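Below is one structure; the comments refer to it alone.
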Amino acid sequence: MKDIVVNVLEKVLSGKLKKGEIEKFLEVPPQQEMGDFAFPCFALAKIEKKNPLAIATDLSEKIRKNLPKEISGVEVKSAYVNFFIDKKFLAEKVLKEATKKGYGSSKEGNGKKIVIDLSSPNIAKPFGIGHLRSTIIGGSISNIASYLGYKTVKINYLGDWGTQFGKLIVGYNNWGDEKKLKDNPIAHLLELYVRANDEQYEQAARDEFRKLEEGDKKNLALWKKFRDLSLKDFNEIYEFLGVKFDVISGESLYNDKMGPVVNKLEKKGLLKESEGAMVVDLDKEGLGVVLIKKNDGTSLYATRDLTAAIDRFEKYKFNRMIYEVGQEQKLHFKQVFRVLKLLGYDFSDDCVHVAHGLYLGEDGKKFATRKGKTVMMKEVIKETYEIAKKNLLSREAKLSDLDLDHRAHSIALSAIIYGDLKNYRENDVVFDIDKFLEFEGNTGPYLLYAYARASSILRKVKSKKQKVEIFDLSPQETALLTKLQNFPNVVKSAYDQLAPNLIANYSYELAQIFNEFYHAHPVIGSKEEAFRLKLIDAFRNVLKTGLGLLGIDVLEEM
RNA sequence: GCCCGCGUAGCUCAGCCUGGAUAGAGCACUAGCCUUCUAAGUUAGGGGUCGCAGGUUCAAAUCCUGUCGUGGGCGCCA
């Protein structure tokens, strides 16, 4: 579509601008009345030292003489040449392409592998809102990459090692309660952690962690117990979200594999002693100091991440590795990537930290688990599900329990996933539970509803085989076609920018346009029935695909 | 103190990468639309000096500099 316009312009400009430049300048006008494409003449005016309006007028006249059949007209408006694509041509093209399965997919990633580190909650702590973001965003990025042909490996890298386990063990040894642990493991573990997270237990905690790292049987058994209980709890959330991982790993995996890495750092002369600890000094590069070993010899976060990165590269030979982790860890990843590079691992150039912003409390500040201040994701999910169920029942639908559960689940899921993904991932968001419970307006359920209504029309059609005839298009029909046409570009941008919100925003706009169409035109029984049915079919296909890339399942009825 | 974000309508956010035509949504508020394909919908309306000040440009919410406000990070947490 765009190339038709570019070609005409290239011909008419006779070498004044290169093809790539023309393509770069060409834009989509803000209003439908301004056509489908617009070429601004300011840049050309500068080169030619002429009045831009005169250039636009001159250009448009030349174009009219060379008008291809796919373009129905050109107009000049304030130094822009506006192109109008022939509506019939547009309709035929879009209906043909957008109804296909796999519309917008590509082969650009064929033969390439991407490792994605996502979710990665900490054991013995509640699954927080931050991990939810990582799970949702990482999952969506993985979907998008797969759609473009990349092979993806999703790794859930659990925070299952570190000094916090020393604290937990101290807490358990002092105040552990088996009954509480059985009834509500996460809550009790959190309680123990918060209680032991006090200066007076600092040394005891570090001792217990050192024992754990040295392989103390009793501590190891406790650690395993905490890990199993937590994982069981997390799995309920993953099941609800419909997220599956290719690998469930964790920092503990590298407990006995860090030696070689530390040795290599030493051999390269990167390691130095500082205040009793071993560090890599990146201060000169403005990246501060990376702690490799504490003064008691135990490992740290960075040590384990370095080891894990090397291990993953050897195992997967990835073309790219994405860490979907909160933005507060920006410095940490910069440090890790830099140290890898210094060690001679060039794959560090293919590692990227896809940061997400923080969810802030009502006070505008970060939630801190350390102070026991957190949002329990499980509760939020549960509540959203219950509200969805209540709403369904109030609409006097006679549903079987199975159907009710299925619909409530999809609706709640869409509210939660879309509620997160509609925001640009790197910006902070104020957490408000009501946002997830809101089903009207710019929300997931709005999208599902538009889809369900479209499906409903198709379901009610009796005779389906009519020849598609295209009459004059209404503004709503044109808008829908134009929007559908743009889907492949959106998918591509979403991947290039690793920004699923582009697909979320697009889906919302698409649903809005559909709703306008729905209200403006009767479908069944109209003389345009065949065309409109096909248009609805295309809409359903695109919306379903887009939502699928976000991780949302559609409902045929709701 | 140093480093990195953010500041757009009463509230919550898009738009900024890649500068262009009257700055968009949702919520809330006001007034309409269900004897026709699902009203979780739709139509219309009020509401903005895009934090502030400079700069670059034919053109700045968008790029650059400064400044104020705010959040995050900065050696023995992850």
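Note that the structure is predicted; figures quoted are calculated from it, not measured. Just the heavy atoms: all of them, side chains too, but no hydrogens, waters or symmetry mates, feed the values below. Lettering follows sequence order; numbering is per chain, from 1.
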## Note on the structure
Between CD of A:Gln497 and P of B:A14 the distance, given in whole Å, is 14 Å
#### Entry: Assigned glycosidic conformation for B:C34 [threshold 90° from 0]
syn
### Query
Could you give the CD-to-C1' distance, from A:Glu440 to B:A28, as a whole number of Å?
12 Å
### Query
Do A:Phe42 and A:Tyr80 have ring centres separated by under 6.0 Å?
yes
### Query
Which part of the nucleic acid, if any, lies within reach of A:Gln512 when heavy atoms closer than 4.0 Å are counted: base, sugar-phosphate only, or nothing?
sugar-phosphate
### Task
Rounded to whole angstrom, note down the C1' distance from B:A31 over to B:G46.
11 Å
### Spacing of the P atoms in B:C77 and B:U65 (rounded, Å)
37 Å
### Query
Does the side chain of A:Lys365 get closer than 4.0 angstrom to OP1 or OP2 of B:G71 through an N or O atom?
yes
### Query
Looking only at atom C1', what distance separates B:A39 and B:G32, rounded to whole Å?
13 Å
### Message
When you measure from the side chain of A:Ser230 to the backbone of A:Ala124, do you find a donor-acceptor pair of N or O atoms at a distance under 3.5 Å?
### Response
yes
### Query
Between B:A39 atom P and A:Asn391 atom CG, what is the distance in whole Å?
16 Å
### Task
Provide the distance between the two C1' atoms, one in B:U8 and one in B:G69, to the nearest whole Å.
16 Å
### Touch class at under 4.0 angstrom, heavy-atom based, for A:Ala38 against every strand present
base
### Distance, rounded to the nearest Å, where A:Glu426 contributes CD and B:C17 contributes P
15 Å
### Task
Take atom CD of A:Glu27 and atom P of B:A21, then tell me their distance rounded to the nearest Å.
7 Å
### Message
Without decimals, in angstroms, what is the distance between A:Lys272 NZ and B:C76 P?
### Response
16 Å
#### Entry: Nearest-Å distance once atom C1' is located in both B:A28 and B:U12
11 Å
### Task
Would you kindly give the CG-to-P distance between A:Leu44 and B:A59, to the nearest whole Å?
18 Å
### Summary
With syn defined as a glycosidic angle within 90 degrees of 0 and anti as anything else, the base of B:G75 is syn
#### Entry: Separation of the C1' atoms in B:C6 and B:C16, to the nearest angstrom
13 Å
### Message
Taking the C1' atom in each of B:A25 and B:U70, what is the distance between them to the nearest angstrom?
### Response
25 Å
### Message
Whole angstroms only, please: what is the CG-C1' distance between A:Asp160 and B:A78?
### Response
11 Å
### Message
Does the structure show A:Phe42 stacking with B:G20, if we require the centres to be closer than 5.5 Å and the planes to be within less than 30 degrees of parallel?
### Response
yes
### Atom C1', compared across B:G26 and B:G71: separation rounded to whole Å
25 Å
### Message
Students often get this wrong, so: under 4.0 angstrom with heavy atoms, is A:Leu358 touching a base, only sugar-phosphate, or nothing?
### Response
sugar-phosphate
### Task
Kindly confirm whether the side-chain ring of A:Tyr80 is stacked on the base of B:A21, judged by centres under 5.5 Å and planes under 30°.
yes
